[in-house]
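One structure is given below, encoded as structure tokens.
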Protein chains: 2
Amino acid sequence: MSFPNPQIKLTVDAIVFGYNEGKISILLIQRKYDPFKGQWAIPGGFVLENESLEEAVARELKEETGVSINYLEQLYTFGNVDRDPRGRVVSVAYFGLIHPEGHTLEATTDAEKAQWFDMETLPELSFDHKQIIDVAIERLRGKITYEPIGFELLETKFPFSNLEKLYTTLLGRPIDRRNFRKKINSLNILDELDEKISQGKGRPASLFRFNEKRYKQLQKEGIIFEI
Amino acid sequence: MSFPNPQIKLTVDAIVFGYNEGKISILLIQRKYDPFKGQWAIPGGFVLENESLEEAVARELKEETGVSINYLEQLYTFGNVDRDPRGRVVSVAYFGLIHPEGHTLEATTDAEKAQWFDMETLPELSFDHKQIIDVAIERLRGKITYEPIGFELLETKFPFSNLEKLYTTLLGRPIDRRNFRKKINSLNILDELDEKISQGKGRPASLFRFNEKRYKQLQKEGIIFEI
DNA sequence: TATATTTGCGTACTTAAAACACAATATAAA
DNA sequence: TTTATATTGTGTTTTAAGTACGCAAATATA
């Protein structure tokens, strides 16, 4: 069989989640050009011939939002025939996590502007991006219980209560503070720092830091993270 | 930005697992044309412009091996720049399960022949297909414990011991027969039939059938399958 | 100085997992 | 036809993990 040349285009898209004070947000861009000009969309774009998918998604994210990201994993590939009015476009979606603070948003190229949106109140979205986001949310909710990805959404130093709040938010249900703490402590993946922080009133809280080396060591020993 | 036309081609590949008497096997084809002419490879091929990814993978699998498949899910998309000597080819890999008996292999089009290979003794493979298979194996091993996909690998009626053997094989460790049976029974997802089967010597075994409706009902109730 | 608020730790209770023993039913060999 | 062997099928006890819950310590505010 010969080497065919169907008119199928390949894009990458990045669903980036952020977390701040009990709210999960998603990074969106406003499209500068047609189709869907002026509408909100997931950042992303066409893959260049000489770059890998991971390089493409990092580049597009940087171009359209100014954000560089630490945690990025492949989510799913969306290939319905009619998902793009311009023709056949298949998109490899990625799923990223950052802490919104410390990242300034700067839109260039295809994006008019970039902005964080509360996960609960998203605007109308271009293409099949709403569906893609639904898949991403499902993945985030599922993964948080068996991989320590929550720390990617927190600042490097955080009080225990912030971690707890993140989990109650993502799981959508209250968790017992004392049992949660016991479980995390039993895994030994947090380093308690000598610093303390006082948020509002009440007793000041110790700051903790996720110990990634320790976690990877546990993984090797076959010990699994589970909440 | 204009609608670009990079020379990126899109393929789909299908890693199909089978199971028979304590052995996991993988369905491979022998390539009829260059590159890698005569070498073994995962069945798959180029996506046509007017078909979805799922349609493409089912079509290619049928063409190259004669097999129609019941269980097929997206695995991962492989997009390294140099994974295909012909140029830039991105492949969306799918992951399928069937019971090898009752499927006659018939190679046509791009495949010289189709054949089952024991998972432990695979031949040298084309492209990055070895890596893709490694990802698929990892997925199969992981998923077997939290989704009842094992039944896709067994015949519709099976004795309990076959299910147990499948799990010991996939998990790579012995499991307690009595506790395993207790766990499966507690989920109520198996129907015991009035038939019995006698395999070799020993007491004849009752045949069971997976009750998918019952499982989906449990899912709705939030009860999770876990081994 | 008293009150409200948040952090931090400990113990009792409940449920699920792991370990283990023996009876029942068939085939094959003595 | 009796005995040995293999496989199926069902218990109970022990151990560990998960859940529920109470109370003291440290701070801000009234």
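Note on naming: letters A, B, ... go to the chains in the order of the sequence lines (proteins, then strands), and numbering restarts at 1 for each one.
Two rings, from A:Phe17 and A:Phe95, have their centers less than 6.0 Å apart. Aromatic rings of A:Tyr76 and A:Phe78 (six-membered ring for Trp) have centroids within the 6.0 Å cut-off, being under it.
Below 30°, between 30° and 60°, or above 60°: for B:Phe151 and B:Phe225 the angle between ring planes is above 60°, a perpendicular geometry.
Remark: side-chain polar atoms of A:His99 are paired, donor with acceptor, to backbone N or O of A:Leu153 under 3.5 angstrom. In this structure a side-chain-to-backbone donor-acceptor pair under 3.5 Å is present from A:Glu55 to A:Ser52. The closest donor-acceptor contact from the side chain of B:His129 to the backbone of B:Ala41 lies at 3.5 Å or more, if one exists at all. Formation of a donor-acceptor pair under 3.5 Å by the A:Arg141 side chain with backbone atoms of A:Leu170 is found in this model.
Near DNA chain C, meaning a heavy atom under 4.0 Å away, there are no residues from residues 217-227 of chain B.
From the 5' end on, the contacts that DNA chain D makes with chain A at under 4.0 Å to a non-hydrogen atom open and close at D:dT19 to D:dA28.
A cation-pi geometry, defined here as NZ or CZ lying under 6.0 Å from the six-membered ring centre and within 45° of its normal, holds between A:Arg181 and A:Phe160.
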Show each protein N/O and nucleotides 8-10 of chain C N/O combination with a separation under 3.5 Å, one pair to a line.
{"from": "C:dG8", "atom 1": "OP1", "to": "A:Ser206", "atom 2": "N", "distance (Å)": "2.9"}
{"from": "C:dG8", "atom 1": "OP1", "to": "A:Ser206", "atom 2": "OG", "distance (Å)": "3.4"}
{"from": "C:dG8", "atom 1": "OP2", "to": "A:Arg181", "atom 2": "NH1", "distance (Å)": "2.7"}
{"from": "C:dG8", "atom 1": "OP2", "to": "A:Arg181", "atom 2": "NH2", "distance (Å)": "3.1"}
{"from": "C:dG8", "atom 1": "O5'", "to": "A:Arg181", "atom 2": "NH2", "distance (Å)": "3.2"}
{"from": "C:dG8", "atom 1": "N7", "to": "A:Arg177", "atom 2": "NH1", "distance (Å)": "2.6"}
{"from": "C:dG8", "atom 1": "O6", "to": "A:Arg177", "atom 2": "NH2", "distance (Å)": "3.1"}

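A salt bridge links A:Asp128 to A:Arg83: one of the charged nitrogens lies within less than 4.0 Å of a carboxylate oxygen. A salt bridge links B:Arg139 with B:Glu73: at least one charged nitrogen is closer than 4.0 Å to a carboxylate oxygen.
One can place CD of A:Glu164 at 12 Å from P of C:dT6, the figure rounded to the nearest angstrom.
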